[in-house]
Asks: 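First, the structure itself, so that you have it in front of you.
Just so you know, residue 1 is the first one in the sequence shown, and it goes up from there. Predicted model, so just to flag it, every value in this text is computed and none were measured.
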Amino acid sequence: MSGQRENLSLGKLALYSLGAATAVLVLAATLIAVLEPGPVVGLVIGLGGVAGAIAAMGVVSTRMTRRAFGATDGATETDPEAGAPS
């Protein structure tokens, strides 16, 4: 990063992560409506949609936070030529 930190709006973070989860749940509901599966297959699709929604929320919030504040999980960027942290 260029040394500047981008402002992270908690409202924007919440809207984007919930939007991603909503998109996954809408996709799962559409699959259930179009395919009209039996109870077990419908349950599997629904549970897959819930798991996908949780994963989408995690991915979106992690990406937005890392873009705003950089990777602070202990990982350091290394210079490929020197092999030392930059």
Side-chain angles (χ1 to χ4, degrees):
M1 251 179 135
S2 63
Q4 295 177 343
R5 290 190 171 185
E6 182 181 324
N7 290 331
L8 178 66
S9 167
L10 291 179
K12 186 177 177 182
L13 178 67
L15 284 176
Y16 279 49
S17 61
L18 288 176
T22 302
V24 172
L25 290 175
V26 166
L27 177 65
T30 303
L31 277 173
I32 292 173
V34 169
L35 297 177
E36 296 180 3
V40 175
V41 176
L43 179 64
V44 169
I45 293 172
L47 290 176
V50 170
I54 293 169
M57 288 174 62
V59 168
V60 168
S61 63
T62 301
R63 285 186 57 136
M64 288 182 69
T65 304
R66 285 190 179 159
R67 278 190 188 160
F69 298 113
T72 58
D73 58 353
T76 57
E77 295 180 13
T78 59
D79 185 7
E81 293 178 7
S86 55

Asks: List the atom of A21, the atom of A56, and the distance in Å for their closest heavy-atom pair.
Replies: N-CB, 4.4 Å
Asks: Who else is in the cluster with L31 when I, L, V, M, F, W and Y are joined by side-chain contacts under 4.5 Å?
Replies: I32, L35, V41, I45
Asks: Nearest 0.5 Å, what's the OG-CE distance between S9 and M64?
Replies: 7.5 Å
Asks: Can you name the closest pair of heavy atoms from S61 and G58 and give their distance?
Replies: OG-O, 3.2 Å
Asks: How far apart are the closest heavy atoms of G52 and V24, and which atoms are they?
Replies: C-CG1, 3.6 Å
Asks: Are Y16 and L13 connected in the hydrophobic side-chain network, where two residues link if heavy atoms are under 4.5 Å apart?
Replies: yes
Asks: Identify the heavy atoms of V60 and A20 that sit nearest to each other, and give their distance.
Replies: CG2-CB, 3.6 Å
Asks: To the nearest 0.5 angstrom, please state how far the OG1 atom of T22 sits from the CE atom of M57.
Replies: 9.0 Å
Asks: Can you list the other members of the hydrophobic cluster that holds L47, where links are side-chain heavy atoms under 4.5 angstrom apart?
Replies: L43
Asks: So which atom in L8 and which in F69 form the shortest heavy-atom distance, rounded to 0.1 Å?
Replies: CD2-CE1, 3.6 Å
Asks: Determine the minimum heavy-atom distance between A28 and G49, stating which atoms define it.
Replies: CB-CA, 3.8 Å
Asks: Can you tell me how far the CG atom of L10 sits from the CG atom of L15, to the nearest 0.5 Å?
Replies: 11.0 Å
